[in-house]
Amino acid sequence: WAVGLNCCSGESPDFHCGEFSNPHAHSGLRLMRDNLRPFFRLAVKQAEAAYNIKAMHPIFLYWLQDPALEMRAYQEEGYKYFTLGLFAHFSLQLFLVVAAAMGFSRLNEF
């Protein structure tokens, strides 16, 4: 099942999410956010009732032309935040070590 947020008007079956109009989009990226899954499952149940179909174990996908490119973008963003966190932690530790060294050096003066 191709999924997305705010993709339909609710009046008619008019899905407009992801790369719906891209003729080269033939694959998807699996939904991994568990907080959204119940809402998409509800939409599947509505489709089952409306069109008399069965979907025992639906898999939800974001419709894309190149899911590997999207995964690389996720990876690059993860590396960016990892590097930012690493430098922030290093800076904080450096500040604390310098502050502690200055504080302990003043203790010897008394």
Side-chain angles (χ1 to χ4, degrees):
W1 292 81
V3 297
L5 298 174
N6 300 322
C7 300
C8 302
S9 66
E11 305 295 322
S12 61
D14 57 345
F15 182 79
H16 297 288
C17 259
E19 298 182 22
F20 74 97
S21 62
N22 183 349
H24 302 291
H26 297 290
S27 55
L29 185 62
R30 186 168 183 172
L31 169 76
M32 299 303 285
R33 294 176 57 192
D34 288 332
N35 62 332
L36 297 176
R37 196 173 313 273
F39 301 109
F40 295 138
R41 184 67 180 133
L42 178 62
V44 169
K45 287 184 181 190
Q46 289 176 341
E48 287 176 330
Y51 299 106
N52 197 25
I53 57 175
K54 291 289 180 199
M56 299 302 285
H57 303 287
I59 297 174
F60 303 115
L61 303 168
Y62 293 111
W63 194 243
L64 301 168
Q65 178 179 344
D66 190 3
L69 181 66
E70 189 74 16
M71 289 299 297
R72 280 193 296 277
Y74 287 157
Q75 186 178 20
E76 287 172 8
E77 187 174 351
Y79 283 145
K80 179 180 74 173
Y81 284 114
F82 173 76
T83 305
L84 178 66
L86 189 69
F87 284 124
H89 180 75
F90 176 74
S91 299
L92 176 66
Q93 289 298 316
L94 181 64
F95 171 76
L96 292 175
V97 167
V98 169
M102 290 175 63
F104 286 126
S105 70
R106 290 191 179 164
L107 283 177
N108 289 335
E109 292 176 6
F110 295 114

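- Applying the side chain to side chain donor-acceptor pair (under 3.5 Å) test to pairs two or more places apart or on separate chains, those with a residue in residues 34-47 are Asp34-Arg37.
- The two atoms that bring Glu48 and Lys54 nearest to each other are OE2-C, 3.7 Å, heavy atoms only.
- The side-chain contact (heavy atoms from CB on, under 4.5 Å) check on Val98 picks up Leu94, Met102, with sequence neighbours excluded.
- A distance of 11.0 Å separates CG in Leu64 from CE in Met71, rounded to the nearest 0.5 Å.
- For Tyr62, the ring-ring contact (aromatic ring centres under 6.0 Å, His included) criterion is met by no residue, not counting sequence neighbours.
- The CG atom of Leu86 sits 9.0 Å away from the CZ atom of Phe90 when rounded to the nearest 0.5 Å.
- How far CG of Asn22 is from CD of Gln65: 4.5 Å, rounded to the nearest 0.5 Å.
- Residues Ser27 and Trp63 come closest through the heavy atom pair O-CE3, 3.5 Å.
- Taking CG from Leu31 and CG from Leu61, the interatomic distance works out to 8.5 Å, rounded to the nearest 0.5 Å.
- Val3 and Tyr51 fall within a single hydrophobic cluster, where Ile, Leu, Val, Met, Phe, Trp and Tyr side chains are chained together by heavy-atom contacts under 4.5 Å.
- Residues Phe60 and Val44 form a side-chain contact, since some pair of their non-hydrogen atoms from C-beta on lies under 4.5 Å apart.
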